[in-house]
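Please read the structure below before turning to the comments.
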Amino acid sequence: MAVLQTLAVTDEALDFGAFFAERYGRLARACLLLTGSPAAAEDLAQEAMARVLERWGTVSALDDPEGYLYRTALNLHRNAVRRVAMAARRQVSGRELSEEPDAAERRLDLLRAIRSLPRTQREVLVLVEWLGYTAEEAGRMLGIQPASVRGRLHRARKSLRARIGGTDD
Amino acid sequence: MTDVRELLREAVEGFEPRGDRGSVEGRVERRRRRRQVAAGVVALGVFAAGGVLAWAALRPGASTTAAPESSTYVLSGFQVRPHVDPASGEVDPMRADVSFAARWSTDTYPGVHRCEVRILDPAGFDVGSLSFELSPPSRSGSHEFAVPIGGSIEGTTAEGSCDPDRLDAPVAVVISGERVVRTVDGPMVVYDAAPPEGTLDGARPGAQACTATVWGDDGRLLGTASFYSADPSGGVQDVDLDERSSLAEVAQATVTCRPYVREDAFPDPKPPGPASTRSVTILVPDVVGLPPSEARASLAALGLGVSVTAAHSDEVATGLVAAQQPLPGVEVSTRTHITIEISQGPAPIE
């Protein structure tokens, strides 16, 4: 441990402040797609960042600290004990996104449609379609084979198109 | 940009994350302090083995069954656009779409509404109207209509309004026929719903807050999902499995609904019925093209038995699954065996 610390200090260690400033926005937006609610997204993103900060010595020395950050966020989201209770409250508390009301309704519809997908599909949608990871990279982060990633992605895209395409007819 | 990526982009637009480093550091500090306190206390797990205790702990206070404040749908943001045929991508001059936003007048979740939208020509005269139903959780809508003969949609506008179409005293729909399908994405619960006995003709239950739960053979709670249902006739709901549970254990499902009333909590999970009513099937996944180890794992996770044979295949690379029986998408019983054929490569040329 002491050796690792020394190396970290002398090796121009990545500063957590800089890491946070550079990555938080993108992380929070990905969490918005995962959770479907702005409040839950911020909560999840901050919690993931907090876990990373706690282990900063180790994480900053990894090849891919950002990958670790997203893996952490996904695990937190999966294990969220309060996920359902939070979603229940947020779904109704209305417009927290700040822009004109009509566009807000459309966005809420979209977020809800995304959130209605099975979690496994949402995860690959966020990792591959939104964040731009490859199927191989996403597979490593989720602990599944790239072929499984592709299968889930295919179903996710199909489901999402079907849900968004639906009108009130 | 793929169309799906465009939808995702649209979904997050306008979101301004507010988190700052200070709040993150605050969390770390609070956790550190909590660990110190917990070290000296016997920790009471929030989640007892049964799971139902957890619901009691999380439920926010006493729930009310008072009648809801009357909230209605308010339509706005009308736009009339030419209709594009989805198949050909061409504009259809005979048809147009009117789209709108549908806001709730209060924070209360409105029930089913009957709406009328009038299409107006540039002079403001009524040239047609549309009648349709709107129900939570919809917050927007789009409808097609026929362009008046000889007319164009240039300068055409629309206006409309909605009226509640529900019982004044909200009632819970009656759930029946619950069954669970194990799919590769997790458990999927299927159920029927109907208005309760004695419901007046033409009256309907309002939006419902429901809980779908999946259980093991031993009555253990394996996963749960909370959702809103606007359609009183039933449907399908995906359920997230608890991390510690496995899909192969899922043996039955229950659904329970209650009328949605302002920021309400969802109903507690309905306990499972007697063993004789258990109903679980498995949706056969697509394992063609996968390595055998992964195919086996995927099938075993669902609780399916696997038999392996070999066969030549021109399409699938050697060593991967070339074919499966039954085919993907078939719903089978839990005792079913899947046969996978491993590709031996193309048949040798004589």
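Atoms considered below: every heavy atom in the structure, side chains included; atoms not considered: hydrogens, waters and symmetry mates. Note that the structure is predicted; figures quoted are calculated from it, not measured. Each chain gets a letter, A, B and so on, in the order the sequences are listed, and its residues count up from 1.
When all heavy atoms of Ala28(A) and Phe15(B) are compared, the closest pair comes out as O-CE2, 3.5 Å. Of all non-hydrogen atoms in Gly19(B) and Gln46(A), the two that sit nearest each other are CA-NE2, 3.2 Å. The shortest non-hydrogen separation linking Ala11(B) to Leu33(A) is CB-CD2, 4.1 Å. The heavy-atom pair separating Phe20(A) from Asp20(B) by the smallest distance is CZ-C, 3.5 Å.
Between Glu10(B) and Arg107(A), none of the side-chain N atoms (NZ, or NE/NH1/NH2) sits under 4.0 Å from a carboxylate O, so this pair counts as no salt bridge. Salt-bridge annotation for Asp185(B) and Arg122(A): absent, with no side-chain N of the basic residue lying under 4.0 Å from a carboxylate O of the acidic one.
No part of Ala156(A) comes within reach of chain B, as not one of its non-hydrogen atoms sits under 4.5 angstrom from that chain. Proximity to chain B is absent for every atom of Leu27(A), based on heavy atoms less than 4.5 angstrom apart. In this structure, chain A has heavy atoms under 4.5 Å from both the backbone and the side chain of Glu25(B). Glu294(B) touches chain A through its side chain: at least one heavy atom from C-beta onward sits under 4.5 Å away, while N, CA, C and O do not.
Heavy-atom pairs under 4.5 Å with chain B peak, among Gly25(A), Ala45(A), Ser148(A), at Ser148(A). For the set Gly17(A), Ala48(A), Ala30(A), the entry with the most heavy-atom pairs within less than 4.5 Å of chain B is Gly17(A). Taking Leu130(B), Thr183(B), Leu7(B) one by one and counting their heavy-atom pairs under 4.5 Å with chain A, the maximum is reached by Leu7(B). Of all the listed residues (Arg152(A), Glu54(A), Met49(A), Arg157(A)), the one sharing the greatest number of non-hydrogen pairs under 4.5 Å with chain B is Glu54(A).
Contact check for Arg21(B) versus Phe16(A): side-chain heavy atoms found under the 4.5 Å cut-off. Looking at Leu8(B) and Val126(A), their side chains never come closer than 4.5 Å, going by heavy atoms from C-beta outward. Proximity of Trp130(A) to Val12(B): side-chain heavy atoms (C-beta onward) are separated by under 4.5 Å at one or more points. Residues Arg18(B) and Tyr24(A) have side chains not in contact (no heavy-atom distance under 4.5 Å, counting atoms from C-beta outward). At least one side-chain heavy atom of Val184(B) sits under 4.5 Å from a side-chain heavy atom of Arg155(A).
Note that CZ of Arg9(B) and CG of Leu110(A) are 10.0 Å apart. Values are rounded to the nearest 0.5 Å.
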Between Val239(B) and Arg119(A), does a side-chain contact (heavy atoms from CB on, under 4.5 Å) hold up when you go through it step by step? CA-CA 9 Å; Val239(B) 172; Arg119(A) 173 181 49 78; over 6 Å; no
